[in-house]
Amino acid sequence: MGGNARVLATGIHNIIDGQDWTLPPALLRLAQIKHFRLFITTTFDPFMQQALNKVRFGGQPYAQVYSLSSKGATVDVPMDQFNSGASIVYQIFGQANTMPSFVVTEEDLLQCVRRLQEEDRRPQNLFDQIRSKQLLLLGCSFPDWLVRFFLYSARDEQLFDAQDQDYLADARSARDPEIVAFLERMNCALYPDDACAFLEELSRQCESYFGSDEQEEADVSPEVEVSPVASQDMIFISYADEDREAALRIKAALE
């Protein structure tokens with residue numbers, strides 16, 4: 001393509017946008033774990049948000065999507081989005097479009113990583129959320145230095161003083177003794193299995209512990225008839241299909 005970044009970006013965008021791709025089963029499995037609300041993806045394709053929309057919203061585009069551009073203004077997540085319990089996808093290395101503003105080359109990657117180290121240019125609301133939460137990293141398979149840079153950006157001075165344990169499931173990282181030693185020092189549990197196998201087991205355990213989607217639907221179904229002898233403190237939650245997530249949050253809070 002003659003080294004033209006605009007042509008390269010346009011070509012990648014046209015390939016992704018040019019056909020109806022089959023969503024990876026691992027992403028669909030991940031989307032089924034509805035206790036996960038914030039997803040940070042390192043890919044520039046739309047598959048994570050498509051998986052969320054398909055599994056959680058019946059194919060409707062309800063997942064909130066944000067992306068960091070390697071050039072231009074910083075795009076952050078509004079705080080009310082975190083507080084609302086919305087399903088959020090943040091594409092940390094950009095989103096494929098016709099402009100060369102997402103990570104394709106090694107130069108793009110270095111530029112983006114540098115931006116994440118600059119407090120006045122990185123998405124501060126997003127990193128405030130990351131800093132206050134436990135992290136689950138799935139199938140990173142990035143070079144040692146990039147894993148370290150990302151974790152440093154996420155934790156800052158708390159890198160080796162975190163009270164809560166983070167988790168990394170990645171077979172490649174488990175074979176690198178240096179990154180293993182680094183993760184141990186920062187209280188990060190490393191699972192050496194393939195990320196897809198880890199996700200399958202995690203999904204089964206979550207379903208066993210929290211119940212299946214079918215059980216959740218039965219718990220808040222608007223079609224359940226209220227017995228005439230129900231106690232006065234019984235609460236009936238009525239909701240439209242598009243408000244199901246809010247109804248589940250209300251139910252959980254009441255319980």
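A heavy-atom distance below 4.5 Å is found between the side chains of Val77 and Phe82. Ile179 places none of its side-chain heavy atoms less than 4.5 Å from the side chain of Leu190. No side-chain heavy atom of Val180 sits less than 4.5 Å from a side-chain heavy atom of Arg175. Inter-residue side-chain proximity for Tyr191 and Tyr167 is flagged as met; some heavy-atom pair is nearer than 4.5 Å. Using a 4.5 Å heavy-atom cutoff, the side chains of Leu52 and Phe39 are in contact. When side chains are defined from C-beta on, Leu151 counts as touching Leu183, because their heavy atoms get closer than 4.5 Å. Two residues are said to be in side-chain contact when any heavy atoms from C-beta on lie closer than 4.5 Å; Leu137 and Phe150 meet this criterion. Using a 4.5 Å heavy-atom cutoff, the side chains of Phe36 and Leu30 are in contact.
Taken together through direct or relayed side-chain contacts under 4.5 Å among Ile, Leu, Val, Met, Phe, Trp and Tyr, Met186 and Leu116 form part of one hydrophobic cluster. Under the 4.5 Å side-chain heavy-atom criterion for Ile, Leu, Val, Met, Phe, Trp and Tyr, Val113 and Val75 are members of the same hydrophobic cluster. Met48 is connected to Ile33 through a chain of hydrophobic side-chain contacts under 4.5 Å among Ile, Leu, Val, Met, Phe, Trp and Tyr, so both are in one cluster.
Checked by atom type and distance alone, the side chain of Asn53 pairs as donor or acceptor with a backbone atom of Ala63 at under 3.5 Å. With hydrogens and angles disregarded, no donor-acceptor distance shorter than 3.5 Å links the side chain of Asp17 to the backbone of Ile15. Without hydrogens or angle criteria, Ser203 side chain to Glu200 main chain gives no donor-acceptor distance under 3.5 Å. Side chain of Gln64 to backbone of Ile88: no donor-acceptor contact under 3.5 angstrom is found. Under the 3.5 Å distance criterion, the side-chain polar atoms of Arg115 are left unmatched by any main-chain donor or acceptor of Leu110.
Summarising the geometry, atom OG belonging to Ser87 is positioned 8.5 Å from atom NZ belonging to Lys34; distances are rounded to the nearest 0.5 Å. From Glu107, atom CD reaches atom CG of Leu109 across 11.0 Å, with rounding to the nearest 0.5 Å. Atom-to-atom distance recorded for Thr43:OG1 and Gln95:CD is 10.0 Å, nearest 0.5 angstrom. Taken to the nearest 0.5 Å, the CZ atom of Phe47 stands 6.0 Å off from the CH2 atom of Trp21. From Leu8, atom CG reaches atom NE2 of His13 across 13.5 Å, with rounding to the nearest 0.5 Å. Here Gln19 contributes atom CD and Asn14 contributes atom CG; the two are 12.0 Å apart, rounded to the nearest 0.5 Å.
Heavy atoms only, all atoms of each residue included: Ser101 and Ser69 are closest at CB-OG, 3.3 Å. Nearest approach of Thr74 to Pro123, heavy atoms of both residues: CG2-N, 3.7 Å. Residue Ala195 comes nearest to Gly139 through the heavy atom pair CB-N, 3.4 Å, listed as atom of the first residue, atom of the second, then distance. A pairwise comparison of heavy atoms in Ala31 and Ala51 identifies CB-O, 3.7 Å as the closest pair. Of all non-hydrogen atoms in Val103 and Cys112, the two that sit nearest each other are CG2-CB, 3.9 Å.
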Working for side chain to side chain contact (heavy atoms under 4.5 Å, CB included), residues Ile92 and Tyr90: CA-CA 6 Å; Ile92 199 73; Tyr90 198 99; 4.1 Å; yes

Between Arg114 and Glu118, does the salt bridge (charged side-chain N to carboxylate O under 4.0 Å, His left out) criterion hold? Intermediate values first, please. CA-CA 7 Å; Arg114 177 184 176 185; Glu118 301 173 354; 3.5 Å; yes

Check against side chain to side chain contact (heavy atoms under 4.5 Å, CB included), Leu136 and Asp166: CA-CA 6 Å; Leu136 170 61; Asp166 296 324; over 6 Å; no

Can Glu201 and Arg204 be said to form a salt bridge (charged side-chain N to carboxylate O under 4.0 Å, His left out), step by step? CA-CA 5 Å; Glu201 180 60 26; Arg204 283 193 293 270; 2.8 Å; yes

Asp176 and Ser173: CA distance, side-chain angles, deciding distance, side chain to side chain donor-acceptor pair (under 3.5 Å) verdict: CA-CA 5 Å; Asp176 185 336; Ser173 296; over 6 Å; no

Given His35 and Phe210, is the side chain to side chain contact (heavy atoms under 4.5 Å, CB included) satisfied, shown in steps? CA-CA 9 Å; His35 295 80; Phe210 295 108; 3.4 Å; yes

Does the pair Gln91 and Gln49 meet the rule for a side chain to side chain contact (heavy atoms under 4.5 Å, CB included), with working shown? CA-CA 10 Å; Gln91 294 180 280; Gln49 56 262 41; 3.9 Å; yes

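Within a 6.0 Å sphere centred on CD of Gln111, heavy atoms belonging to other residues, nucleotides or ligands number more than 12. With a 6.0 Å radius and a threshold of 12 heavy atoms from other residues, nucleotides or ligands, Asp20 has its CG atom at or below the threshold. Annotation: Phe127, atom CZ; neighbour count of heavy atoms from other residues, nucleotides and ligands within 6.0 Å is above 12. Applying the 6.0 Å contact sphere to CD of Glu178 captures no more than 12 heavy atoms from other residues, nucleotides or ligands.
Tyr62 does not carry Arg56 over the face of its six-membered ring by the limits of under 6.0 Å from the centre and within 45° of the normal. Geometrically, Arg148 engages Phe182 in a cation-pi contact, judged by NZ or CZ lying under 6.0 Å from the ring centre and within 45° of the ring axis.
Screening Leu199, Leu202, Val55 for a side chain to side chain contact (heavy atoms under 4.5 Å, CB included) involving Arg29 leaves a single residue, Leu199.
For the residue pair Gln129/Asn125, the side-chain donor-acceptor check at 3.5 Å is not satisfied. Residues Thr98 and Arg6 have side chains that never bring a donor and an acceptor to within less than 3.5 angstrom of each other.
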